[in-house]
Amino acid sequence: MPVYFLRRVLAAIPVMLVVAVFVFLLLRLTPGDPAAVLAGDMATPEQLEQIRASLGLNDPLYVQFLRWMGDLLRGDFGTSLISNQPVLDLVADRMWPTIWIALITITLSVIVAVPMGVVAAWKHRSWIDHLVMTFSVLGFSIPVFVIGYLLIKLFALDLGLLPVQGYVAPSEDLPGFAARAVLPALTLASIYIALIARMTRASLLDVLGEDYVRTARAKGLAERRVLFRHALRNAAVPVMTVIGTGFALLISGVVVTESVYNIPGLGRLTVDSIFARDYPVIQALILLTSGIYVLVNLAIDLSYSFLDPRIRY
Amino acid sequence: MPVLDIRNLTVAIDAKDGASVVRDISISIEPGETVCLVGESGSGKSVSSLATMGLLPKGALKVTGGEILLDGEDMLKLSPAELRDRRATRMSMIFQEPMTALNPVIKVGDQIAEVLEAHTKLSNAESHARVMGILDQVGLPDIERVARSYPHQLSGGQRQRIMIAMALILEPRLLIADEPTTALDVTTQLQILRLIKDLQQKHGTAVLFITHDMGVVAEIADRVYVMNRGDMVETGKVMDILAAPKMDYTRRLLSSVPSLVPRPPRPVASERLALQVSELDKIYGGGGFLSKAATTHAAKAVSLELKAGRTLGIVGESGSGKSTVARCVMRLIDPSAGGIRVGGQEIADLTPRGLHPFRKRLQMVFQDPYRSLNPRLSIEESIIEGPMNYGMPRAEAVAKAAELLDLVGMPAGSAKRYPHMFSGGQRQRIAIARALAMEPELLVADEAVSALDVSVQAQVLDLLTEIQERTRIAILFITHDLRVAAQICDEVAVMKRGEVVEYGPTAAVLGAPRHDYTKSLLAAAPGRDWDFPNFRPVAA
Amino acid sequence: ETTITAVMHSGLRVLDPVITTAHITRDNAFMIFDTLVALDEDFVVQPQMASFEVSEDGLSYTFTLRDGLKWHDGGEVTPADCIASMKRWMQRDGGGQMIEARMESLEATGDNSFELTLTEPFPYTLEAMAKPSGLALFMMPERLASTPANEPIPEMIGSGPFKFVQDEFQPGVKVVYEKNEDYVPAEGPQSWFAGAKDVKVDRVEWVTMPDAQTSLNALMNGEIDFLEQVPVDLLPLLEGMPGLQNQVLAPLGYVTIGRMNFLHPPFDDPKIRQAAKLALSQEDVLTALIGNPDYFKVCGAIFGCDTPFEFSDGSESLTSGGDIEAAKALLEEAGYDGTPVVLMQPTDVVTLTAQPIVAAQALREAGFTVDMQPMDWQTLVTRRASQADPADGGWNLFFTNWIVPEVSNPLANIMLPGRGDDAWFGWPTDETMNGLLDDFASAAELEDQKAAAQQIQARVMENVNYIHLGQYFNPSAWSDSLTGITEAPFPVFWGVEKEG
Amino acid sequence: MAENTMRAAFPLSTRALFSRIGIAPLLAGLVLILIILAAVCAPLVAPHDPIYQNPIQRLKPPSAEYLLGTDNYGRDLLSRVIWGARVSLLIGLGVTVMAVVIGLAIGLVSGFFRLADAVIMRIMDGLMAMPSVLLAIAIVSLMGASIWTVMAAITIPEIPRVVRLVRSIVLSAREEPYVEAAISMGTSLPRVLWRHLMPNTFAPLTVQATYVCASAILTEAILSFLGAGVSTETPTWGNIMAEARIYFRLKPELIFWPGLALSMCILSINLLGDWARDVLDPRMGKRES
Ligand SMILES: Nc1ncnc2c1ncn2[C@@H]1O[C@H](COP(=O)(O)OP(=O)(O)OP(=O)(O)O)[C@@H](O)[C@H]1O
Ligand SMILES: Nc1ncnc2c1ncn2[C@@H]1O[C@H](COP(=O)(O)OP(=O)(O)OP(=O)(O)O)[C@@H](O)[C@H]1O
Ligand SMILES: [Mg+2]
Ligand SMILES: [Mg+2]
């Protein structure tokens with residue numbers, strides 16, 4: 001296990017390097033100029049040039065890249081070109097809302113989606129199955145922001161049950177946090193639930209055709225036991241996998257959800273930074289989200305060995 | 001009163017006007033009796049047994065007539081809950097594939113205990129004691145450890161013992177065993193058969209034993225039922241059936257079973273060496289940065305020689321390295337050390353490009369006839385691919401394909417059809433035709449008949465013999481079935497754990513084995529005392 | 001404790017008001033920093049931190065700091081601080097550079113006074129120092145003001161009515177201000193940026209909401225107190241909502257303009273520029289942009305209607321719905337060869353998406369080939385700095401908006417100077433205009449200034465230095481719990497009270 | 001027997017169609033055909049010029065002239081939704097074709113050549129790890145928002161998924177005995193790839209393609225929403241909605257109609273994909289995603 005873990009972590013290095021090179025080149029080889037953003041509307045060309053020089057943007061690309069890499073190795077993610085704050089501070093500030101919303105979404109999704117998928121597989125081809133499948137196809141078919149708007153209209157404006165926007169830290173005001181987290185989490189969960197329910201159903205259907213399920217029935221076990229004790233755990237690996245790869249989807253959804261609900265999280269920080277050409281921040285954020293993605297999927301791979309004793313690392 | 005009394009059972013496909021797959025069959029089993037249900041693949045053996053357990057796949061098959069009486073109680077009239085209650089307590093079933101029949105993520109001890117949980121009110125301690133008791137009875141070593149193991153940590157034989165323990169823990173009246181030993185090595189098979197017999201005697205259980213292996217039948221059956229395509233053909237005491245079958249179908253089935261007595265040796269026709277393997281070594285795995293994949297030494301210093309027009313058999317238990325040798329010879333994998341000479345030319349260390357000219361001199365027939373033909377190509381396309389790779393014009397190759405298909409006994413006009421339109425036996429013929437199209441000097445057949453019913457197997461073996469006589473091709477024949485080896489091979493090499501432990505003329509090796517391992521293999525072969533094709537015991 | 005929660009027009013990211021002309025940075029700076037002198041609602045320069053005296057010959061300006069001025073870190077405000085602040089500002093601001101060009105000396109003359117001496121009279125001096133737009137002149141402690149002009153200052157320490165709460169600042173998300181208890185308001189009634197800046201709440205929080213819909217919802221749900229910009233189309237939603245009110249707080253509003261690239265065809269030809277101008281109609285643009293006519297004003301005056309220099313010479317076609325026929329004729333006459341007009345369209349700025357779309361249709365109708373290229377605003381600002389050929393990375397036309405005070409004075413209006421490569425993007429070379437600007441700068445009397453301004457108006461219309469597309473107004477909305485909100489070119493939070 | 005003959009004689013009878021295909025995929029196909037027809041014939045079907053602005057007619061409710069009303073530039077919503085189908089479908093199809101073709105080529109190579117595999121998969125892992133919407137926003141805002149950059153931006157993150165799928169199929173298919181048989185018959189590697197391995201990928205790729213297509217159309221809408229989409233002058237369902245979003249409470253129909261078209265379209269594509277999966281390979285569920 002430790003060896004495997006080490007190997008996987010080492011294997012993540014070239015992946016992150018690919019990400020780093022890609023993002024760096026993407027940012028530098030395409031038009032866009034943080035100096036222009038910084039200087040504002042009335043700046044003259046000459047002022048732009050001065051700012052550019054002072055930001056080090058006139059150095060050759062490889063120099064900039066090596067400088068960035070060197071800084072990274074020393075744990076220095078750089079300083080925002082625009083707001084002049086250390087990138088790490090910015091990220092630390094904006095991280096928690098995103099993490100909280102993501103955690104709530106995942107928990108909610110798993111709690112809702114897995115039973116949905118189980119019931120659908122169990123009642124294969126019944127109306128419940130069709131209902132679940134319809135719902136999950138719908139979940140893939142409606143843009144996140146439309147779902148967001150609909151939920152706001154219904155729960156915040158028409159029924160007046162919840163606030164329409166905002167974020168407060170759970171440590172400050174737990175009920176306030178909860179009230180504001182419900183709608184974004186629901187919005188985000190719509191895709192995730194669809195994804196997980198679908199995968200649970202598909203993989204359970206596969207498993208239900210396996211010999212050991214027949215054996216379990218031949219033992220005279222109750223159907224519920226067959227389903228939850230024998231089938232579900234065997235179906236769990238692909239479901240976990242989808243939770244992992246769906247994480248990328250979650251990040252995308254977060255960007256939109258944070259806009260709709262005005263949550264000061266990492267998604268919006270990234271979008272804002274991209275629009276502002278705030279190179280160090282974009283670089284750090286994409287590297288960070290990619291790193292999290294890699295880690296989450298590593299954690300999920302490791303979880304396989306708990307779900308399925310045949311998998312040993 | 002019989003324990004199980006199936007009366008006029010009919011099972012059909014669950015659809016409007018669905019065809020019936022089992023028609024009007026009746027089976028009865030007395031307490032303590034072992035009844036064998038035999039028949040070729042698809043004859044309805046499994047369907048009958050699943051119907052008894054109430055485990056027919058929902059929405060696919062349904063019982064449309066008859067009754068199934070278990071101690072006089074009709075299983076077909078029970079509610080699902082009542083039926084569940086009868087399972088494991090009154091009737092139990094064990095399946096063919098012990099790996100997939102056990103839940104891979106639950107410890108085997110828990111899987112057995114689950115039966116007790118579902119049907120009794122024993123305390124944890126009591127239940128644990130019961131589990132240990134039954135594990136002990138099925139002859140498992142170190143039972144505490146075994147109980148805590150997951151299925152994949154046990155060998156095939158051990159897993160099947162677990163299945164048996166699970167089936168018998170509540171001492172059911174009836175045990176149904178659907179091909180419980182087919183996936184096992186002969187030696188393990190013998191142990192399992194003995195175990196079932198022992199337990200049956202101890203508990204007075206009635207056993208319905210499903211198999212297609214006549215050897216097994218001869219070994220254990222009291223009475224035999226023979227099925228063919230959903231119909232019950234014949235039934236009777238085992239000796240009556242084996243010695244004096246009444247129906248043609250049964251006769252054919254029995255006469256297809258190859259005899260364990262080696263056939264008379266053939267004279268050596270040519271001294272030319274088609275294949276010479278010397279000191280071949282193959283080690284799998286290892287290497288790789290930080291990877292700790294264990295290495296497997298799958299072939300150790302294997303040396304073999306094969307003359308033109310002769311057949312060399314490689315036999316041995318599963319995992320002994322037979323396929324490894326074959327694949328090295330074919331250069332589908334790279335040998336770790338040693339030499340392979342084909343027609344005098346060393347090919348062990350050629351690059352893929354250098355190998356190209358020699359490819360056509362070696363061809364292979366694979367085990368699984370369903371996967372060895374590309375399902376998307378017509379069989380003609382599959383056959384002409386090889387010759388055209390070596391520059392034969394298409395028209396000529398097509399003509400040759402037609403010729404070959406005729407040679408292997410395929411109906412005319414089958415060339416344009418696709419593999420799924422043929423039966424397993426036919427597909428194996430096509431695969432042979434494809435190999436022959438290259439006019440190879442050496443044909444490697446890896447378990448080429450193992451997936452076929454005995455009757456089809458006999459036809460394919462005859463075909464190979466006939467072709468060999470005509471073309472003087474050398475055949476490297478890999479099988480785990482000693483009966484087949486005895487009938488087709490001129491020489492036999494016995495492999496064990498990657499080593500050749502005995503090597504010589506078939507008559508010598510199988511007739512008068514010298515190595516202990518060969519002896520134990522032969523001793524374990526079920527029905528070794530019975531000469532099936534001749535309906536009589538083997539002459540001592 | 002009372003806190004005003006306000007949603008401003010954009011998120012604050014850049015803090016240094018000398019680095020950027022971004023409005024939000026300036027708005028922020030007005031909370032934290034104070035100015036030496038300030039403009040009141042009559043465009044008159046008033047003392048703020050300092051009283052001033054101008055010598056008879058107009059060459060010497062003496063500033064005397066009022067008592068009790070303190071930095072947020074407790075230090076006294078000294079003339080040295082002010083001088084350093086002015087010098088840094090002069091390096092960057094257009095008005096400041098004009099002063100610097102004429103500056104003889106800038107020196108302290110006592111513990112609380114200093115003197116600016118010029119080589120020639122420059123009547124615009126005080127106005128440049130008081131203007132609330134472009135780069136306004138804010139006073140900072142010397143240690144901050146000595147930061148090089150193209151590097152951001154490291155801290156936000158001012159002497160203004162509010163203190164910046166560094167710990168709670170989240171760039172682009174939230175800025176928090178606390179009342180500066182030590183602040184001593186200036187004399188006189190509050191008027192725009194002049195007079196007493198009397199803070200009546202404990203805290204002000206600016207939060208950013210990227211979605212107009214969301215911020216309006218938040219206001220209607222009572223989650224925020226003040227919304228700087230309400231899309232005019234959405235005003236009907238506010239109508240009849242109890243507890244809310246809305247009003248245009250910046251009565252001068254904004255102007256929207258189109259700027260051409262003078263370096264490349266087709267707009268290097270004045271006739272073709274003229275043709276483009278003829279094709280456009282202020283009403284069409286403004287209707288698409290704003291909708292409700294109560295919130296825009298068709299206005300031919302490049303210095304803005306209701307300003308001292310309101311003239312409308314040469315703007316007939318713009319204000320009367322455009323003259324497509326004349327445009328066609330002129331285009332024909334100029335021999336336009338179909339060179340595509342590369343029109344940059346920002347996709348992410350709500351107040352700038354409509355202009356290119358309407359303009360593209362009008363230009364096409366007049367016979368132009370239009371190549372409209374959508375891009376985000378930041379790409380646009382980068383690209384507009386490129387002098388390359390429009391076919392490879394350059395441009396021909398883009399649109400932008402200004403608040404009226406940014407254009408209302410000829411010397412503040414950055415689009416006017418015609419100094420080629422040194423001019424604002426578009427790089428016109430226009431000696432006539434430069435001459436007129438000099439005339440204006442040296443005009444001592446208002447009447448002379450007006451005469452020069454009128455000629456500048458005519459010149460802009462004739463040479464089409466840019467296309468003036470009219471004025472529009474942005475309603476703000478707030479909850480009834482706020483009182484004392486006053487008109488100003490942009491929202492100020494002193495004088496505002498919050499109940500409860 | 002009679003029944004069989006009937007079936008053979010009238011293979012397309014409605015009943016047979018329904019029973020063989022099922023109602024949902026049939027309806028989905030119908031909806032999709034309608035949308036494609038509308039897209040192809042947009043110039044004929046649309047009552048107005050989709051980009052002609054008429055400021056006086058801004059934000060008008062539905063009327064005989066403007067069946068669905070007008071947007072904030074006074075453009076006809078119905079015409080924009082119809083024309084929007086064009087671009088949205090073009091983006092969906094374009095992305096699908098590019099992602100599948102590129103992914104297939106890379107996946108085949110990667111699945112078969114161990115050396116290349118190591119490098120390619122690292123790159124693919126890298127691409128996969130980058131959040132796709134963020135990547136797309138970055139690409140679009142950096143390179144300028146034209147249909148082509150939007151398409152490229154959406155394609156790039158889809159490629160690794162296709163590559164992984166193709167590679168996994170190739171990896172398992174190359175162990176198939178018929179592939180070994182071909183090799184032992186002296187078939188060259190490129191030919192083995194082309195003739196024996198690639199066809200195995202078609203069924204799963206068809207299914208994957210439907211999902212790629214659906215998600216591309218959706219991603220375009222999200223990009224528009226975030227301000228990194230195609231110019232509002234070229235109507236796409238995404239940017240019609242994005243542009244109208246501030247009118248969500250005032251004139252919800254501006255979002256409703258394009259949203260309905262979008263969702264119906266994606267729903268249909270997804271349903272067809274599910275159907276294709278059931279038909280082509282009932283066990284594909286495991287490989288997906
Ligand atoms: N789920 C099913 N749906 C439809 N037909 C089935 C199903 N299962 C079995 N059959 C059919 O029933 C017939 C009998 O099958 P069965 O499995 O009983 O054969 P068998 O005698 O057990 O063969 P084998 O020796 O290969 O196990 C076959 O023709 C088979 O095609
Ligand atoms: N590709 C491989 N990588 C690693 N080990 C392998 C590989 N193929 C086979 N082995 C191992 O090599 C040994 C010999 O395998 P081989 O397939 O040659 O046995 P076999 O005699 O053909 O058995 P069977 O009768 O089951 O086909 C076994 O222990 C097997 O697990
Ligand atoms: Mg069977
Ligand atoms: Mg083998």
Side-chain angles (χ1 to χ4, degrees), chain A residues 11-12 14-23 26-27 29-32 130 133-134 137-138 140-146 149 153 157 195 198-199 201-203 205-206 238 241-242 245-246 248-249 251-256 259 267 270-271 274-275 277 282 285-286 289-291 293-294 297, chain D residues 24 118-119 122-139 141-144 157 161 211 214-215 218-219 221-222 225-228 237-238 241-242 245 248-249 252 255-256 259 262-271 273-274 277 282-289:
Chain A
V15 175
M16 299 314 292
L17 206 64
V18 168
V19 174
V21 173
F22 188 89
V23 173
L26 181 69
L27 291 178
L29 294 182
T30 47
H130 290 303
M133 286 309 280
T134 311
V137 181
L138 269 180
F140 284 126
S141 308
I142 305 177
V144 188
F145 56 88
V146 174
Y149 282 159
K153 173 131 174 57
L157 299 173
L195 200 66
R198 217 175 152 90
M199 188 45 80
R201 172 183 177 272
S203 103
L205 277 180
D206 268 354
T241 311
V242 105
T245 51
L249 216 64
I251 294 176
S252 301
V254 159
V255 177
V256 177
S259 286
T270 319
V271 177
I274 290 174
F275 284 144
R277 306 290 183 273
I282 308 174
L285 281 173
I286 296 206
T289 30
S290 310
Y293 177 87
V294 168
N297 280 284
Chain D
V119 178
R122 287 294 83 72
I123 297 179
M124 291 302 134
D125 284 349
L127 279 183
M128 192 116 149
M130 279 180 265
S132 59
V133 165
L134 292 184
L135 196 63
I137 298 169
I139 294 175
S141 58
L142 292 172
M143 309 225 207
R161 282 173 241 286
Y211 299 134
S215 93
L218 212 54
T219 308
I222 288 177
F225 174 84
L226 293 170
W237 291 329
M241 281 193 280
R245 70 175 189 274
F248 176 65
R249 295 181 60 187
I255 289 191
F256 178 77
L262 178 85
S263 294
M264 291 304 285
C265 179
I266 296 175
L267 194 65
S268 307
I269 297 174
N270 278 329
L271 282 174
D274 286 354
R277 181 179 55 186
R283 291 187 66 90
M284 250 204 55
K286 270 200 172 158
R287 283 203 212 111
E288 177 215 335
S289 105

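To find a chain, count down the sequence lines: A is the first, B the second, and so on, and within it residues start at 1.
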For this session: Step by step, work out the side chain to side chain contact (heavy atoms under 4.5 Å, CB included) result for D:F225 and A:V144.
Result: CA-CA 10 Å; D:F225 174 84; A:V144 188; over 6 Å; no
Problem set entry | Greatest number of heavy atom pairs closer than 4.5 Å to chain A - which of D:L127, D:T219, D:V133 |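 Greatest number of close heavy-atom pairs with chain A: D:V133.
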Can you tell me how far apart [atom1] ([X]) and [atom2] ([Y]) are? Round to the nearest 0.5 Å.
X      : Y      : atom1 : atom2 : answer
D:M128 : A:S290 : CE    : OG    : 12.5 Å
D:I139 : A:I274 : CD1   : CD1   : 9.5 Å
D:L134 : A:I282 : CG    : CD1   : 10.0 Å

Exercise. Tell me, side chain or backbone of D:L218 under 4.5 Å from chain A's heavy atoms, or both, or neither?
Worked result: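 For D:L218, the contact with chain A is made by the side chain alone.
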For this session: Using non-hydrogen atoms and a 4.5 Å limit, figure out which bit of D:A214 sits close to chain A: side chain, backbone, both or neither.
Result: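 Neither the backbone nor the side chain of D:A214 comes within 4.5 Å of chain A.
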For this session: For side chain to side chain contact (heavy atoms under 4.5 Å, CB included), just list the numbers for D:N270 and A:S141, CA-CA rounded to whole Å, side-chain angles, deciding distance to a tenth of an Å, and then say yes or no.
Result: CA-CA 8 Å; D:N270 278 329; A:S141 308; 3.5 Å; yes
Which answer fits [X], side chain, backbone, both or neither, if we ask what part of it has an atom under 4.5 Å from a heavy atom of chain D?
X      : value
A:I251 : side chain
A:M16  : neither
A:V254 : neither
A:Y149 : both
A:V294 : side chain
A:V146 : side chain
A:A11  : backbone
A:L157 : side chain

Problem set entry | Among the listed options A:L205, A:V23, A:T270, A:L17, the residue most often paired with chain D at heavy-atom distances under 4.5 Å |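 Max contact count across the listed options: A:T270.
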How close do [X] and [Y] get, counting heavy atoms only, and between which atoms?
X      : Y      : result
D:A129 : A:Y293 : CA-CD2, 3.4 Å
A:V15  : D:R122 : CG2-NE, 3.8 Å
A:S259 : D:L226 : OG-CD2, 3.9 Å

Problem set entry | Verdict with reasoning, D:R245 to A:F145, per side chain to side chain contact (heavy atoms under 4.5 Å, CB included) | CA-CA 9 Å; D:R245 70 175 189 274; A:F145 56 88; 5.6 Å; no
Problem set entry | A:L138: partners by side chain to side chain contact (heavy atoms under 4.5 Å, CB included), with sequence neighbours left out |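 Applying side chain to side chain contact (heavy atoms under 4.5 Å, CB included) to A:L138 gives A:I142, D:L267.
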Problem set entry | A:N297: partners by side-chain hydrogen bond (donor to acceptor under 3.5 Å, both in side chains), with sequence neighbours left out |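 Expected list: none.
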